[in-house]
Structures are given as structure tokens and as C-alpha cells.
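Below: the structure, in C-alpha cells.
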Amino acid sequence: MRIVCPFCGARDAQEFSYLGDASLQQRPDTPAGAPLDDAAHAAWHDYVYLRENPPGEHTEFWYHASGCRQWLKVTRHMRTHAISNVEAARPSSLRGAA
Amino acid sequence: MVDVSIPPVVSALAGLATAGQRLGFKDGEAGVQIAELTGVAIASIAARKGLADDLSAKVQTLFGLPLPSEPKRVAAGDVSIIWSAPGQWLVVFESGGRQRVSDLTAALRGLASTTDQSDSRAIIEISGPRVRDVLAKGVMVDLHPSVFAPGNTAITLVAHVGAQLTCIDAAPVYQLMVPRSFCLSFWDWLISSAEEYGISIGAKGDPKKG
Amino acid sequence: MRYSILSVLGQALKGQKDWKPVWRDAEPKPAYDVIIVGGGGHGLATAYYLAKEHDIRNVAVVEKGWIGGGNVGRNTTIIRSNYLLPGNIPFYEKSMKLWEGLEQDINYNAMISQRGILNLYHSDGQRDAYVRRGNAMRLHGVDAELLDREGVRKMYPFLNFDNARFPIHGGLLHRRGGTVRHDAVAWGYARAADQRGVDIIQNCEVTGIRVENGRVLGVETERGFIGANKVGLAAAGNSSRVAAMAGLKLPIESQVLQAFVSEGLKPLIPGVITFGAGHFYISQSDKGGLVFGGDLDGYNSYAQRGNLPVVEDVCEGGMALMPAIGRLRVLRGWGGIMDMSMDGSPIIDKTPVDGLYLNCGWCYGGFKATPASGFCFAHTIARDEPHELNAAYRLDRFRTGRLIDEKGVGAQPNLH
Amino acid sequence: MSRQPNRLASGGLVDRNKPQLFRFDGQPYQGFAGDTLASALLANGVSLFGRSFKYHRPRGLLSAGPEEPNALVELRSGARREPNTRATVAELYDGLEATSQNRWPSLRFDAMAVNQLFAPIFAAGFYYKTFMWPAAFWEKLYEPIIRRAAGLGRPAGSEDPDHYEKAFAHCDVLVIGSGPAGLMAALAAGRSGARVIIAEEDFRLGGRLICDRREVDGVPSVEWVARIASELEAMPEVRVMLRTSVFGVYDGGVYGALERVNDHVAVPPEFQPRQRMWRIMTRETILAAGSIERPVVFGDNDRPGVMMAGSVRTYTNRFAVAPGTRAAVFANNDDAARTIGDLEAAGVHVDAVIDPRPGSTDSVRSAARKAGSELIEGAIERATGGQRVQSVDVRSNGSTRSLSVDLVAMSGGWSPTVHLTSHQGSRPVWDDQLSAFLPGQTLPPGMTVAGAATGQFSLEACLAAGAAAGLDAAGRCGFRRAQLAVPSADPESTAVSPLWRVRGTKGKAFVDFQNDVAASDVELAEREGFRSVEHLKRYTTLGMATDQGKTANVNGLALMAEITAKSISQTGTTIFRPPYTPVAIGALAGHHRGEHFKPTRLTAGHAWAKRQGAVFVESGVWMRAAYFPRPGENDWLETTIREVNTVRSAVGVCDVSTLGKIDVQGRDAGKFLDFVYCNTFSTLAIGKARYGVMLREDGFAMDDGTTSRLAEDHYVVTTTTANAAKVMQHMEFCHQVLLPHLDVQMISISDQWAQYAIAGPKSRAVLQKIVDPRHDISNEAFPFMAAAEISLKGGIPARLFRISFSGEMAYELAVPAGFGEAAIVEIIKAGQEFGIAPYGLEALTVMRIEKGHVAGAEFNGQTTARDFGLGKMVSTKKEFVGRVMAQREALTQPDRPILVGLRPIEEGFRLRSGAHLLNRGAEPSLDNDQGYVTSTTYSPTLRSWIGLAFMKSGKERTGDTVRAWDAIRGTDALVEVVGPCFYDPKGERHHG
């Protein structure tokens, strides 16, 4: 499998490490110090343990570990492995590079 | 100020091979030349948030070189700048030693996070008629001149070792940056991959510089 | 027809003419007491134990393709009960005990062969971790022995003891572990369940699960609605997909695991060996093929195939461990879809929907669990409460933190 | 020395000036360069090649290619023995040694052939019905016998002496196969300027063009192939790869290919690999793999001398070998005409042509007439003869007669070689017209199929299709389509009408030759309900032999269709999986075996430590000094004790360079570290170090280490050796994904700095001798947990951290790795007068256990900061990774196992890690399990073995006596529960 890194170009998936479901970007916001209610526990349970796992297109995190060390959001089909989109997890406006 | 009592910097490849040595297949001209580039100082610079433009402007005035925004190497005189990640570059000084890194750090204060990496990598130059056949045994990126020309660089995995490969001449000549602690393993792979073509070991740079 | 020396010889003389189908290819009835979704090993075993242990015989196993076409037909046939954590040990030991009596129980030769499993260790730390595991096994009466380097050499002289990157220090030996003819498990359970009246319905994909006011009513299929008081999901690999039909989101990712078989060879490897310094395990089938595998491809997938880097990684492990196999050839590789759970352990439990039960999250350990999984799932469905053996495999453990994380890698399925 | 009785006087692509001597079963023979082992043996009149898997029936050559099911041999000997090697693809070389396999005592007289008597019992799946009585006998008796009888060749039991390589190639167009379609495709793409790789598994280009006597462009096909080959060789962007099998199709245009670099010589030349495994990355692929001829299923169709018609032509034309003297041709298609002509040309008389098609066809009739062969409308019912066919029973309009022949050239038509098209799940589709499976609708992205592989069976069609495919592929890659004329070819007829099996035959009618699957087995499978193709395959083992059913699958499916009265498309087919042909495991591993299995990381001080005689140990991919033995010391323990005592009483030095080091800079560096650690770093003073614990988001402990603040916006983080990469990745995730707004820059400096722990009461004195005087490192100026950038020896840049793992007054001194060796030399020199000694990982471990510091054994991923007794460190004021999930009930329940210390009651008892804890008098059971021992050591300081453990309600049980139960090692001893810190619990010593 080849992933087109937006920074390095097409590379073998072997150069990347996999984390999975990109919903991990939506980390619950539970203020420190505040007591934890059931809602907070539920929100965290869902965040840490529940995963989108569709048989079709899926957006997931890959890390270009052996390349530019950037976290990428890859949209890939789970039956064909066809990759329809790759983008940096971090918006370019917030990157060091202009 | 550099004191005379300071011992020389020891390369990670020290003792693995000596200049002038011939390895592997003996007949005819060696298929590849391999030489370590010693005596270099390396700084990694990372732009502070939102200051990338100011940083490139500053670097331009310092070295007359732009900061490549894609995987490229630019060079002038004894300085080369190699892209190493978005917003991150390696500045390689072929002379002047570590002091150049300190000077750069001072010059870029506030614009970039600068880190001395002079000892972190061995730089191996490899060339010769069979060089691409050798590299093909471990390098997964396409090295065809039409896609990987002089000035192109790639951070990639080579035989299980993370390395940075740069084309520095159309001859072709390639430069491999290998993390210091991995050098022995990398060398084993490189030699066993090249020996069927015959290898001649050369030397580059001045090993004495601290 | 019961299998016996007589029937086999008799049929030999009659040109094998009177054998009947091993199971009926049943047509769906309008309704059943219990419908099991998924005609794999676990589903078929569940149906069998529902009939045998709980006398619930009005049962249908609904399979989208042909039975045994899922992971029970695409694994490396290993059975073992060498687990570390209290939540796992009794369950897998029950499974081992059921394996030991299975063939007589179902009158089908699944070629269960307790050839012994040797887990190699390559460092003091690894040895101590295995000792901790071995002692935990012994606390439950499961067999475990520690071998030193020489002990390993005696068993497997052709391993790499001389120029290894990670020298072999010894191994943890689990003699009752071994292998089983995997397809035969599906066929044997199917035959035994069929003989007890269970309907096995092939080529009948479930397209929906009908739920009303929090209670399950049955399943929608390609061949129409089939009613049921209770529905058990045993569709590992596709659990997320099937559970979604009832509105459930699971702590599971579907990932691909490859395995390989070599050309047929005269006997080389008597038992099962796992490499402790790389992703590689191997055994030799009765037919002579070396059956081996390694790590997951490491990404989500519903395609039953993997990629080259893992093939190479597995073979690198193989050559590092046993350089004698260099000239032997890989004949076939295949990929299975694993239900990778968030702590590496399975889920056998009720669900928030009345009458809907869940059996999933087997990671790559489902085959060895087949008998106990069927046994416990049948109990959970019949009694509407978990058996003590699957008491730890609850769905709520991720909320409470009562995880069963053998590898200790946390909520990252591809590391389990 | 035999004189090749069956070699034709002239012709063929063998070099008669290069005789090659070889042995088969010890018997010497001679062949020629250009032969395969099969053709050379055939030339020498050998017809018996092997024995079948189950019945051990005598078998000869069926084919001339990779589809061969019968002629498998053990090639080479000793450690280089290669079992199951197809004689039909083994290139002959001088000195070749081959042995027949799966027979005893000899190929001719095989005792195991008695199995044929039990054939009625040994029907498909009989195993599942029997061997169950008595139960115990399976493992003790039945299975061992079955295992010995099963299998084919014998593996070499010792290390493969050859080496293997991997290589990577990129191209625009990959052409698989070099028959007419492949050659034209490569030519077309090459002339258009594309980067082309053409892979051919044979050692010659040409495919059928060098096996049949054809005309292309008005010249003999062999000449035409040579012409095209030289043009391709001359193109700079075209790479011709001979002896290269493309074995698998993977995602993203990645193809696996095996190049047999040196399998055609006895031993690879020095410096050269035996084989090279290529990963080819391509944009377009043209599959021109041709087709495989099908046998006809009739009685005893496996007798040696019954061969595929196309292969018969290959042997006569390409290898100039006559496979027999009197032949019968049995074919359901018009290739029969060519077969007759070629046999006659080779001096083999065709007595009869048997054609099941009513009236046959003009081309066959005229060919038969020309050859003076009798044309029989009918079918062969059975072949007779033992180790060589002697006659065939032919049935024609109702009556059966016997013809005595020693060669049967059969053909059931051709099956396109579609294997690679289905590697990504696409199912081949049945075509009634061509009676063949064609590539499915959804091919792997970028793949097109041309020629016979897609059912274009005429030469002209192949040439045209190849040309078109090559031009189109180049076009899609953005090249201008070259001008290319499609060459003409001699006319031919490709008429075929299906014949799967001859009904009502006597004897075993084989479908899968190697696995001995007969028509009767397919019938039995159907009877027992194994009707789906997957069930049929698994139950009968049809298509599961080393040839992966290349000659068997289609016939098997057709039979099942016939029996179930379904069409073949309704019956369906199994899909092919990689590899297309079996691939050596060594080739898939390549360079990475033995010591090269994984990379080895060495510290800058490694060479020095080696010179000191250090004993090294693997620590992940690092090599670390475990201990430094001195003359007279008997074992590691004695040495370690001496090293510990030296540190505790004077001073020692230890290489800790393997720790992960991360440079963290930026205005928000402190804020960022507050988020990744459970304790606080934004409040850390400049010039100070602090210990930190990192949690996973699920609340369990992930890693620990000290972090120092060198400037307002500059921290240096250290991680454990094992987790360095994982932590870097995690921190990048936290920054790039969760906190992208922060101004933080991170880079690994693990390779930049060599780091030494200098520990012991005299450590400061040692340092004061090498640290440049302008840096005040007195206790006052540089107290415990101080950190600073300094210099040594008049200018060596360095960093000094006053941190202690040993519990003594200690420092960690970091220098640029290039000075790593110089620094250790200077430290030792400076320390001489204080009795300094280097110490290794063992001593380091002893001292950290004495101090109750947690390490890898405690960081097992199942434990929390609270379990370590570090609950107080966990901040309640700020947000950080793992904060919420660490508060779940099971992670906070009071009786949860917590870190304790253990001391054996019995003097000198050796406590070992891995033991479980039980209360006195309690039955060993999981319910009574109180915890487990994680780390143990002999403590020279306490003169006793001690240990760390996780124990239920451990804190409350201090002072209790419990059992350390270690059934695995056979010990069960009483230990006292104590606090985890055995040494200087008040921590006075490290304050110095």
C-alpha cells in the first residue's frame, strides 16, 4: 500500500505507523478540578474506546514515522484500500512553514 | 573559543573502513565509491509559530539561500540547507565547526528553535556507475533522474534504518545521512549490497575539526 | 449416519455410495426460539451447545455465505490456554478441556493434536514475564514449564542458537497446547447441531435486525424476515457492521491478519513455536505444510488480503529463528478479518437491546476459543445472564476500567 | 554415460556444444545448455519422475512449465537441498544433482504404493470419519503414521548457506510475460518512451513463440523473438528481467517479483545472492501471462507418457526431444493439428487422433490425413500400463478398442492465466463461448490483460492486443503513442468444444494429479453436501497442492457443475491468492536474518566499553554493557556486587546514552509539557530538573523520566530507552493533533548526545577535575536536581544534570556524541585516584531496585501512577493526557495492587521475579492470588535478595509475611512485605 504524503510524496505504508479513527481529534473538554459526572465519563469512554469501523470509506490517522514525522489524516476505503484523500492533521496555518 | 587540548570528534564510522581500501568484487573498476564526509557541523532549525517568513528572510540574508518549502537541498559555498520536515531544516556547515552552530543559534534567536545535531548523523557520499543498483536494494523511493534530480532529498526507511537521502550531483552522487547509533548496521547493509559490484573507499572533509 | 469403523469400511466396499450430506441445507422457517447470526465456528458451536446443554433446538444459524468461510477457515489452527490474566485463564482452560473431548462428543475427527506450544524468550525481562504467566496458569491448574536454552535446543536443534540477533534464552512450554484441523471444527459442529435439529441456513445474508421498544423481534434477511425471541450475533470480523443494524457502536476495529502455508514437506517441526524477538509463529500440519504467521498488517480493513511488508516481516522473523527454512517455499498466503477489541480480549454479553446478545472482539485468538465461546454464549443466551467463565467479558468493562489487557498496550487495537 | 536416445538429430534451442553432466537418483546423465531438468531427462529416455501424494502412483511429466503437478524433485543436496522443485522449470546446469521424493525405498519400487490397495477407503475426507477409536490412539498411533506418510520432499535440516536480497524498482509500465502479447506490449510502451519492465519467469523470452513452430512477420517465430528482444535490450528505459516471476499484486500498484539470480548455477558466485525479491512499483501493468492447457479426465489419465499436447510440442520444438515413439493425440480443439504436425516432424508417428467433436474439423482432418494418422471420433476411456503408458482404450460409436502407444498428447483446451487478476479479490468470470474463465470485471487498479490471458487464443490476436495494450498504457502515463505496425502471423484455427471428462471410464480418473483427487472424490463431496467451490476445495484438497490447481481447478469445478446440473458460472470459482508460484522464504526475508535480523544501535562509548572487556546485553535494539568483569571474578553476580559497592562507597560511571532525549523549545513548551505529563513542568525553574510520569489517554502509566529546563523556552526531556520512539510519536500527536495552536518545536537529540551517569560519594570530586573551572558545581551552587550547560577540558560543550537513579550523590553528564569516547576516557582518568569503576546495566538495576524506582518490569502497561505509589504526583489542577480515565473505579479501588518491597524470611533465599503472592495457608488458586513479583535482585547493601511486587492493599500489609509462590521454578518461600525503598528511604545521600 502506498500513501501520498503531502510533504514527502508517495511512500510505502511501511514508513508510516497507524493510529486509526480520526475522531480521536475531538477530545472531550472536561475542565480540570470540576467533579466528573456520568456525562463526562460517558463522553470519555466513547472518545477513548468507541471507533468508527465502516466497511466503506474511513478517515484515519497515520504518522509518517520514517519520514517527515507529520500526523496525517487519510481517507481510505476499507474493502479496496483505495486512498481518496490525504491531508496533514495540523492545519497549514498553524504549521511552522508558511 | 576552541581549545587545543580538545580531542578530535570521533565519527560513528571510524574504523569500519579506511580510505583507499577496495572491498568486494576485485576485478575491474569498482562499481561504487563510498566516502564519509567528516568535519561537518549540523544545526536543525525549526521555525517558531507564525515566523516562517521572517526566518526565511533572515536565512536569506545570512547565507544567500532560501529555505526550501519542499524536500530539497540548496547549497552555496560551504553551507547547505536541507528540508527535514514542514517548518524544519538542517543547516550543514562543511567548515568552521560547531562554532558555526552557536553563531546561527544566536542569529536566529526568537525566530527559530535551533539545535546542534553535528554529532547525530554520519554523512556518507556514494557514487559510481552502479550506485543506483546498490541503493535500489534498500531505498524504496524512485531515484530515476527524471524524478529524483540533484537537489532532491528524501527522508525514508533504508533496510530498516531511518535515513535521509539527497542527490547532490547528476553523475550521480548521493548523500546519505544516517543516525549515528545505527551506523554499524547501515554499513553492514551498504557493503553487502555493494560488494558484488566492487567498492572503493574514499574520504571527504577534514576529520580534525571539532 | 454415525461414523464408525463399520460404516467407513462398509461404505468403502459400496463405493462410498450411501453417505448423506453432513448437514442439511435448510430453508428458513418463519420463526425460531433463537437465531444465531454467523455460521462460523463460534456460531455453529453456540447452536450445538444450545441444543445439547440447554435443550433449545428450535434454532437457526444464518450465514451470508457458506458455513466455515470466515476465520474458522482462515487461521493457523492453534489451540492453547496459556493466558496471563484471571479474566482469561479459566475461560481458555475450559475451551481446552472441551477440545480434549470434542471428537468423541461430536463423533467427528477434527484431528486435535496436543503437540505442545513453546513460547521462546530472549531476555531476562521476557523470562520473568513468562514466569509470571506460567505461575498464573499453574494457579488454575493449567500446565506450564520453563525451559532453559539447552532444554529448547533438545526440542528444536535446528533453531538459530549461533548467530542470532536476539539469542534464545529459553522458553515457556505449554504441552497441552497444539493444533486442530480448522475446517473440520466448523463441519463437525454443523453436523452435530444439525443432528439435534438446528437449521443451518446458508447464503442468507442478514440485512437488518428488527427491534421494537427495546426488544429484538428477529432479523431481516435476503430471503425475508425471520422472527426470533432471541438473536445472538457471532459475526467476528463484521461485528461492527452487524451490531450497527441494532444501533450499537462497538469498541472494535476490523483489521487484517495474514497467514501462510508452505509446500508439503516431510516432518520437520513437531510442535508449535513462537518467536519472542519478532512476529513469527509456526507449526506443521499433518499434510506436511508449514503453517505460519506473524503480526497484523496494522490498519483497518474488510478486505481479506494484506500487503507485502508484513509478508516480509514474517519471513524475516522465520529466517532469524530457523534459517533452515530458507529454501522452503511459501505456497499460499491469506488474510482474515479480525475483530480487534480495545483491550485485546473478547466480549460475550447481553446488549442494551432485550433478547440481543453479542459475541465478538476475538482479535486473532478466536479459533482456540471456539468450544468455550459456543458454550458460554449458549449459556448467556439461554439464561439471559453470563456464565461465570465469561463474567469478565462484559461490554461495560471499558467504562469501569476492568480491562483484560494481556499485552498492556491500551486502547490501540493494532498493538494487541 | 547415456547418449540422449530421445534427442532429435537437429533443431531446438539447446546448445549442443555445451554438454551438461548431471545426476538423477545417483544415475549420471548428459544434457545440453538450454535444457530444463525435465527436457534433459526426457532426452535420456526417463519417463518416471515421481510419486503422487496419497496413492504413491508412478508419475511422469504432465507439462513443461510451472503448472507441473507430477515431476517434483529434490534439487541439490545437503544444506542446499530444495524439495518439491519442478523439473520442468529447473534450468539444467553442469553438475546438477536431483533426487526423486516421497518414495521408499526407490522411485521404481515404492513400498508406499500399497496405499493404492486401500484407495477405496482413502476417499476424500475419510480422515474426518475415522481414527477416533480409541480416542488416545490418534496422537500416539494414527497421526504419527499419517505425518510420516504425508508431505512430499525432505527439507534440509540445516541453515541455508546462500544469501538473499531485496530490491525496489519503479516503472510506468510493467509487462508480465514475454509471449507474443507481452513482447508487443513492451515494444509499444518502450517505443513510446515509457519506463518499462518486462518480467519473464523463463530463462528465455518468447513464451509459446519458442515452443511452437510459428511464423511472425514472415519469419520463423524464434527469429522474430530474437529481433524484438535485441530492440528491447537496446532501449535505455526498458528493463528486461529474465528468470523473474511476478508472484503477487498488492495495493497501490505494488507487485512482488522473484528474480532467480543464480539458481541456474551450482553455487552462487562470491558476493552474489541466490535470489532477489523485487518490489516493483508501477503505474500501469499489462498482464500477458498466456494460458495453461487443461488435461482431460479419463481413466488412469496419470500414467507416465500421458502428457499435455502443448508440452509435447514444447519438448519436440524447443528442446528437440521426442517424448515417445508411437503417439495418440486426444484433443477437443484444433491445436491437435499442430500437435500432429510437430510430432511427425520430430519422427514420432501419430497412430491415432482421437477427437470427441462430432465430425472433428477440417484442420484436424487434413492434418491427420497428411500424417497418415487414423482419425477417431470418440474418446480415450482409459490408459493402461504401469510405469509407462502402453496402450489406450478408445471408445468410438459404442465400441471400445485398444491402441498400443507410448505417448498420449491430450488437450482439454486452454485456461487463461488469470491468477494475478484476482489477487485483489476480483473473481474470474466464465465464458461459455471460449469455455474458459476470463479476468473479472474489476481488475487491480492500473492492470490491463492482453493475449491468451484474456482468451485471445490466436497468435494474430495476441500480437494486436499486446500492441494496443502497450500503446494505451504508455498513453495513460502521458507518453505520445508510438507508430507501430502489428506483424502478421501464419493462419490457424482455434476451434474448441468443451470436454471435461470421459463418462463411464474404469480406473481412477484424476482431476488434481498431485493431490490424487479423482472424479469419484468430487462426486463424493457433492453427495456429502460439500458443493460450494470453497467446500469442495477444502474437503477434497482439490487445487491445494504445490501447483495450486493450475491444471486441476477448472476441471474440478466443471465436474461439480455437471454433477449438480448447474452451469459453471452458477457453480463459481475460488479466487487465487499470492504467490502465483511458490516463493522461497529466504528470498522474502532477504538480508535481514542472523545478526542482521534487526538493526543494532551502539552508543558512542561502545568501542571503549568493549576494550574494557564489558559483557553486552540486548536492550531493545541497543547493545548495552551489562557488567565489566575483572580477572578473578567468577560470575556476573560477583562482578555486579563489586560494581555496586564501588558506587555506594566511592564512585562509578555508567553509559546511559540509550535513554531517549527530546529537545523541546518554543514559547509554549512548558504549557505543552504540562499536558503530556501528569505532573507540572511550566513551574519548573530554569536550571532545574524534575522527574515526570506520562500517562496514556486511558489513564495507565506510559513512560517516565527527568525533564530539565535550560531556558525560559527550552526544555530537554528524557524518556526510557524502550519507549523513546513511542514517546516522540505521542508528543507529536499531542502537538500536531490536539494542541496545534501552541508554539512548540520538538526534535530528537538521542543520537546527538552521549550521556554518562557518574554516581557515588566521590562523583563531584571527579567532575570537578574535568569541568571547566568557570562552572561552579559545588553542592551549594549546583544542588540536587540542578541542571546546566557547561564545558569540559577547556571547551568541550556539555550538559550536567544532578539527578540520581542509584540513590547516591550522582550526576548525568552529556557531551556531543563525537566526544563520547573522549569523555569516558577523561572521566575514568580523573576518577582513578578515587577508585572509580565503570558499571553496567546489572549494577544499575540492583541500585534502582534498592531504591524502589520503577522501571520496565513495572511499566507493563497494566499499572497506574497510583500503583507505583506516585499518586501524589498526579496533578488535580490542570488538564493532561489520561487525567479523566485514570479516575475510573477500577483504577482507583483501594485494594488494587500497589508497589511493595519484599524480603525473604529465610536468610539467603533467592527471590525470583514472576512469583505470585499468596497468603500463608491459602490454597494456590486465582482467587487467592495476592499479586506478583516484578523485579528482584541480590542487594549487596542489605546482604539479602530483595524484590519489588504489586500486591493487593499492599500499603496496609507492610510487615505481613506472605508466600512467594513460584511453581514454575519449584519454590514457595515466606517473604516479609516492606516499603518499596530499601536504601536510604529519607533520600539523604543524593543530597550529598
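The sequence lines fix the lettering, A, B, ..., with proteins before strands; numbering per chain opens at 1.
Residues of residues 9-34 of chain A that come closer than 4.5 Å to chain B, counting heavy atoms only, are R11(A), D12(A), Q14(A), E15(A), ordered by residue number. Residues of residues 42-50 of chain A placed with any heavy atom under 4.5 Å of a heavy atom in chain B are absent; none qualify.
Applying the side-chain contact (heavy atoms from CB on, under 4.5 Å) rule to V10(B) yields the partners A14(B); only residues at least two apart in sequence or on another chain are considered. Here T115(B) pairs with S44(B), Q117(B), D663(D), Q665(D), I747(D), I749(D) under the side-chain contact (heavy atoms from CB on, under 4.5 Å) rule; sequence neighbours left out.
A donor and an acceptor atom, one from each side chain of T166(B) and T153(B), are located under 3.5 Å apart. Counting only N and O atoms by type, the side chains of T38(B) and S11(B) include no donor and acceptor under 3.5 Å apart. In the model, R48(B) has a side-chain atom that pairs as donor or acceptor with a side-chain atom of S113(B) under 3.5 Å.
Salt bridge annotation for R100(B)-D103(B): absent, with no cationic side-chain nitrogen under 4.0 angstrom from a carboxylate oxygen. Electrostatic pairing of E57(A) and R76(A) does not count as a salt bridge here, judged by no charged N lying under 4.0 Å from a carboxylate O. Between D116(B) and R98(B) a salt bridge is recorded (basic side-chain N to carboxylate O distance below 4.0 Å).
Of the two parts of A154(B), the backbone and the side chain both hold a non-hydrogen atom closer than 4.5 Å to a non-hydrogen atom of chain A. Contact of Q164(B) with chain A is not made at all, since no heavy-atom distance falls under 4.5 Å. With a 4.5 angstrom heavy-atom cutoff, S84(B) touches chain A only via backbone atoms.
The side-chain heavy atoms of D78(B) and V92(B), taken from C-beta on, include no pair separated by under 4.5 Å.
Proximity of a side-chain donor or acceptor of K204(B) to a complementary backbone N or O of A35(B) within less than 3.5 Å is not detected.
Within the model, atoms CD1 of I82(B) and NZ of K72(B) stand 13.5 Å from one another, a figure rounded to the nearest 0.5 Å.
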